[in-house]
Amino acid sequence: MKTIKYMIPLLLFFVMTGKGVNAQAPDAYEPWRAAWLRKAEQAKPTLISRICKPTAKAEVVKDSASYQGWKVVKTDSPDRLYRVSLKETKSMIADFGEHITGTFSCVFDTLGNISDAPVRLRLTFAEMPAELGEPFDPYSGGLSRAWLQDEIVTIPYLPYTLTLPRRVSFRYLKIELLASSSYFDLCIADMQTTAVSCVSTPEIEPAAETDSLIRKINDIGLATLKECMQTVYEDGPKRDQRLWIGDLYLESLANAYSFRNDSLTKRCLYLLAGLAREDGTLNSNIAEMPTPRAQNSVTLDYCLLYNCALLEYLKNTGDRETAADLWPVALNQVRLARHYLDDSGLYDTSVQPQLWLVFDWKDNFDRHASIQGLMTFAFSETCRLARLLGKEADVKELPALIKKMKKASRDFFYDPKQGVFVSGNNRQISYLSQAWMTLSETLPLRECAQALSKTIRNPEACYPGSPYGYHYVIEALIKCGLHAEAKQMLTGYWGGMVEKGADTFWEVYDPNDDRRSPYNSHLVNSYCHAWSCTPVYFINKYPEIFQR
Ligand code: RAM
């Protein structure tokens, strides 16, 4: 009895300070985690499959006028791939006519004599002509060599149906004969890929009178998005095959203006929440197989973009239950980001640990102004989300903080003489600094428009290195009324990829450097990359800008 009497004040102390709760449940999401993962599983889409066959026999040709120095030339009808002596041809290329993702199988047969020995072959699946033309070894890339899609296979006897265990993502397939017996000849009798995606046809399409280049960009954007929409939003079906928050945000924007598979967005939001860290911080990405698990990595910009993705999801679907469920996650990302602000409301580069800031793949790009702008933008979006959910009380201090941050940004990053935002010790002028300062409405939009238009006309300015970076620049141009510039940037940048032969849009594209790679090998770049699909969003969200 006595003990209970002493325990009551102690219990009260723990409840009031929250210490007791933490001591017993250090996991911020302990009460909800299992339910979130269950809901993610329930929202998992069924994959739609279709059988794809080669549409031509082809060859790869070195050509300095083509992208990355290689082009594929169709040489024959697809039936010329079959029943032809592999001993004579040694190597054959099949063109499937479009980018596909799925399971490949092939039937090998003898031509005459029975098979008296195994056969050794190399199959190389390629998104791009360069992957057919250039040897993969010695490999110089920073990411695993195993991402490259070549397989050495040994066929034990013939006829034999080979089905590769690994899902592949490609347009072209090269088959090379490496070793066989002199006693018999062999051929391909049939081949196919069971291609998969969780979507098939878009619900929204541009008006018939839309300019043909814009329609083409829209179609290629749709193909890109479709390929990346599997049982999660993947960043790229060739590589990394993972759900990254930044990619999810842009894919879900494009999905809302095309396929409208809201259940996939819901699944991804729940998965990220269910696999967040115990302190409430989101991990930047999730691998789905064999069971969903997070890669142990945090990127501050992506944490904050989760809140923006959640707001968009709620606006597009009206699904308050999901948004309310995940509201604690949004609050925790704001909490995390606030550690990085100094008293004046400025992102403090001395706070440790400094987290990875993605923003773009571009060497020497200074991210200070961009993270300040993105934080301000994401805090404002979180306030909007709070309003829709009736949770304003949880963020009552944010509006004043946002005001303070904008003032700090103007004092620290804005150069009134030049009329642009600068970032870093070298006072770098970049497209993305202007974009994030515009999206955060740090200055009146008229002045943001001036900063943006000065920057995009400045040949010395640091331009983005990826479609991901360009997305935010176009969003900012539209926001401050620079519609013609937005359209020109979209048709110039994405149109550049179209001109260079893209079937799907690329992870990295620098019009001035065809072999650019953040991984020290253009062969391991992803050439069907989710974050490049957003013309679909722009073109269909803003018909008055892009469809006239
Ligand atoms: C790469 C991918 C992915 C991106 C991350 C940060 O692995 O390009 O799309 O989100 O980096």
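For the single chain, residues carry numbers from 1 onward in sequence order. What you see below is based on every heavy atom in this structure, not just the backbone, and it leaves out hydrogens, waters and symmetry mates. Order of appearance sets the numbers: ligands from 1, and atoms from 1 within every ligand.
Using a cutoff of 4.0 Å between basic side-chain nitrogens and carboxylate oxygens, Arg242 and Asp247 are not scored as salt-bridged. In this structure, Asp150 pairs ionically with Arg145, as a charged nitrogen and a carboxylate oxygen lie closer than 4.0 Å. A salt bridge links Arg239 to Glu507: one of the charged nitrogens lies within less than 4.0 Å of a carboxylate oxygen.
Take Tyr302 and apply the side-chain hydrogen bond (donor to acceptor under 3.5 Å, both in side chains) test, not counting sequence neighbours, and it matches no residue.
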Quick one: ligand 1 N/O to protein N/O pairs below 3.5 Å?
| unit_1 | atom_1 | unit_2 | atom_2 | d |
| --- | --- | --- | --- | --- |
| ligand 1 | 7 (O) | Asp240 | OD2 | 2.5 |
| ligand 1 | 8 (O) | Glu507 | OE2 | 2.6 |
| ligand 1 | 8 (O) | His529 | NE2 | 3.2 |
| ligand 1 | 9 (O) | Asp247 | OD1 | 3.1 |
| ligand 1 | 9 (O) | Asp247 | OD2 | 2.7 |
| ligand 1 | 9 (O) | His529 | NE2 | 2.7 |
| ligand 1 | 10 (O) | Asp247 | OD1 | 2.6 |
| ligand 1 | 10 (O) | Tyr302 | OH | 2.7 |

Acceptor/donor pairs from residues 467-474 side chains to any protein atom, 3.5 angstrom cut, sequence neighbours excluded:
| unit_1 | atom_1 | unit_2 | atom_2 | d |
| --- | --- | --- | --- | --- |
| Tyr468 | OH | Tyr472 | OH | 3.4 |
| His471 | ND1 | Thr534 | OG1 | 3.1 |

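Residue pairs meeting the salt bridge (charged side-chain N to carboxylate O under 4.0 Å, His left out) criterion with at least one partner in residues 275-288, sequence neighbours excluded, are Arg267-Glu288.
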